[in-house]
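One structure below.
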Amino acid sequence: MTSSERPLENPASGGAGKHAWFSHDRLGMFIHWGLYALGARHEWLKNREELTDDHYQRYFDNFDPDLYDPKEWARRARLAGMKYVVVTTKHHEGFCLWDSKVTDYKAPNTPCGKDLLTPLVEAFRAEGLKIGFYYSLLDWHHPDFPIDVHHPLRNHPEAEALNGRRNIANYAAYMREQVRELLTGFGRIDIIWFDFSYPGREYRRLPGKGRADWESERLLELVRELQPEIIVNNRLDLPPGKLPDVTTPEQYTPRVAPAIATQGVLWEACHTFSGSWGYHRDEDSWKSPEQIIQLLIDAVALGGNLLMNVGPTGRGTFDARAIDALAVYQNWMAVNARSIYGAGPSDFPVPAGCRYTQRGNRLYLHVYNWPYRHIHIDGLADRIAYAQFLHDASEVRWLSPTRDVDSNIGVMVPEGLIMLELPVRRPDVTVPVIEIVLKA
């Protein structure tokens with residue numbers, strides 16, 4: 001069995017070996033940063049607006065993030081409770097943040113004049129975060145990348161003829177050389193996040209792309225050779241039987257934990273604070289604090305991770321909206337982190353309007369919908385040793401079947417049920433958490 005063929009570990013076990021840290025840490029920062037930050041209207045703007053290379057060149061010629069401070073980025077990530085980072089070393093536009101030896105389309109050749117990736121890696125490592133590299137399999141700038149459904153030239157009247165001069169094998173070799181640079185020039189890399197395959201997406205007789213185009217198995221072999229402990233995601237379109245390390249639902253929270261052929265998998269949902277991944281000046285669908293926190297809890301309650309994205313500006317800063325969103329995590333994780341780190345799903349039936357996570361004999365009840373005075377809980381009768389709010393360690397009392405709720409009304413707690421007694425007003429916490437200590 002080759003390294004690329006080994007079975008996935010069961011996330012319910014918390015992971016083992018190289019996956020253990022990933023299953024424990026739960027929250028990471030995604031960073032989408034490239035030339036599109038200057039356009040400031042979506043990272044796919046070259047595709048959406050069908051821009052030519054000549055038109056898009058204006059962003060390359062003016063890319064100068066003079067306020068770029070990766071130490072500040074890393075500090076904010078750590079304070080927000082994030083334990084790893086995944087950064088777009090090259091997005092679909094083909095622009096590279098590092099000093100790649102196989103292309104001129106890179107940060108050192110812009111007015112910026114320097115490698116932007118090395119100081120980022122150093123800064124995040126210094127804050128104790130693990131390092132992940134995103135690498136797009138698409139490349140709308142490379143001359144050998146064939147035009148397809150996602151290419152900006154897909155509606156060009158001579159698209160098929162233009163493809164006759166493009167050789168995907170040359171592009172696959174180019175990708176391998178860039179991946180080699182990324183996995184040999186920056187020390188240990190913990191995650192490589194490839195994006196993405198679409199073999200069934202034909203458009204105007206322009207075929208989509210998948211494992212045969214990327215030469216995915218050969219690429220994966222190179223990755224395993226260079227970084228044996230690295231975690232690889234699921235977007236290479238690998239053949240059946242060659243499973244990835246982690247499955248990555250995007251902008252979507254599953255109702256049940258993902259599985260492949262009924263086998264549980266390690267998984268990580270990736271989301272944005274707003275509606276786009278790259279910096280979007282005018283985008284106005286930013287998520288509420290409750291949504292931001294609930295995305296994290298929902299993932300952990302199903303045994304998954306959350307990779308939450310920030311799109312820096314063209315000057316190299318996090319804008320005020322992103323800073324405010326990160327502060328939501330910072331404030332909540334400061335008091336509730338132990339319901340996330342090292343926690344996972346619980347087998348206990350969860351009350352309506354709530355989510356459970358569990359770590360050993362500690363059961364964490366995340367209250368989404370604040371009720372009037374009581375939460376009714378099945379399955380824990382005679383199991384609770386103690387209960388408290390996690391944010392301030394204040395006791396939460398409960399009623400058992402041996403006591404009346406109100407003797408004047410005569411309401412009894414049924415057998416097998418307990419009722420937590422809550423304050424009428426919700427504590428001043430985005431999502432309150434009750435820590436229930438279970439009896440041994």
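What you see is a predicted model; the values in this text were computed from it and never measured. The residues of the chain are indexed from 1 along the displayed sequence.
Residues meeting the side-chain hydrogen bond (donor to acceptor under 3.5 Å, both in side chains) test with Q388, sequence neighbours left out: E435. For the side chain to side chain contact (heavy atoms under 4.5 Å, CB included) test, residues two or more places apart in sequence or in another chain that qualify with P239 are R211, E217, K242.
With I384 as the fixed residue, the side-chain contact (heavy atoms from CB on, under 4.5 Å) test singles out one of V396, I377, I436, L363: I436.
Taking the six-membered ring wherever Trp is involved, the centroid distance between the rings of F95 and F63 falls below 6.0 Å. Under the 6.0 Å cut-off for aromatic ring centres, H92 and H150 do not qualify, their centroids lying 6.0 Å or more apart. For an aromatic pair to be called close, the ring centres must be under 6.0 Å apart, and Y134 with H32 satisfies this.
Of all non-hydrogen atoms in I292 and K287, the two that sit nearest each other are CD1-O, 3.8 Å. The two atoms that bring N309 and F273 nearest to each other are O-CD1, 3.1 Å, heavy atoms only.
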Q. Step by step, would you call R41 with D282 a salt bridge (charged side-chain N to carboxylate O under 4.0 Å, His left out)?
A. CA-CA 7 Å; R41 57 186 185 275; D282 303 328; over 6 Å; no

Q: Would you please test W73 and F318 for ring-ring contact (aromatic ring centres under 6.0 Å, His included) and show each step?
A: CA-CA 8 Å; W73 292 11; F318 291 173; 5.0 Å; yes

Q: Apply the test side-chain contact (heavy atoms from CB on, under 4.5 Å) to residues L183 and I230: give CA-CA distance (whole Å), side-chain angles for both, the deciding distance (0.1 Å), then the verdict.
A: CA-CA 10 Å; L183 298 188; I230 202 167; 3.8 Å; yes

Q. Which is it for Y174 and H142 under the ring-ring contact (aromatic ring centres under 6.0 Å, His included) test, yes or no, and what are the steps along the way?
A. CA-CA 9 Å; Y174 169 82; H142 197 282; 4.3 Å; yes

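Salt bridge R125/D190: absent, no basic N to carboxylate O contact under 4.0 Å.
Residues L266 and T247 have side chains not in contact (no heavy-atom distance under 4.5 Å, counting atoms from C-beta outward). Counting only heavy atoms from C-beta outward, the side chains of F60 and L38 never approach each other to under 4.5 Å. With a 4.5 Å cut-off on side-chain heavy atoms, H271 and F30 do not count as touching. Put simply, the side chain of D319 does not reach to within 4.5 Å of the side chain of I323, judged on heavy atoms.
Note that CZ of F186 is 11.0 Å distant from CD1 of I131, once rounded to the nearest 0.5 Å.
Between Y84 and W21, the ring-plane angle classifies as perpendicular under the 30° and 60° cut-offs. Ring geometry for W214 versus F145: interplanar angle under 30°, hence parallel rather than tilted (30 to 60°). Ring geometry for Y59 versus Y56: interplanar angle over 60°, hence perpendicular rather than tilted (30 to 60°).
The backbone N or O of L116 lies less than 3.5 Å from a partner atom in the side chain of Y68, making a donor-acceptor pair. In this structure a side-chain-to-backbone donor-acceptor pair under 3.5 Å is missing from W193 to V86.
No hydrogens or angles considered: a donor-acceptor pair under 3.5 Å links the side chains of E181 and S100.
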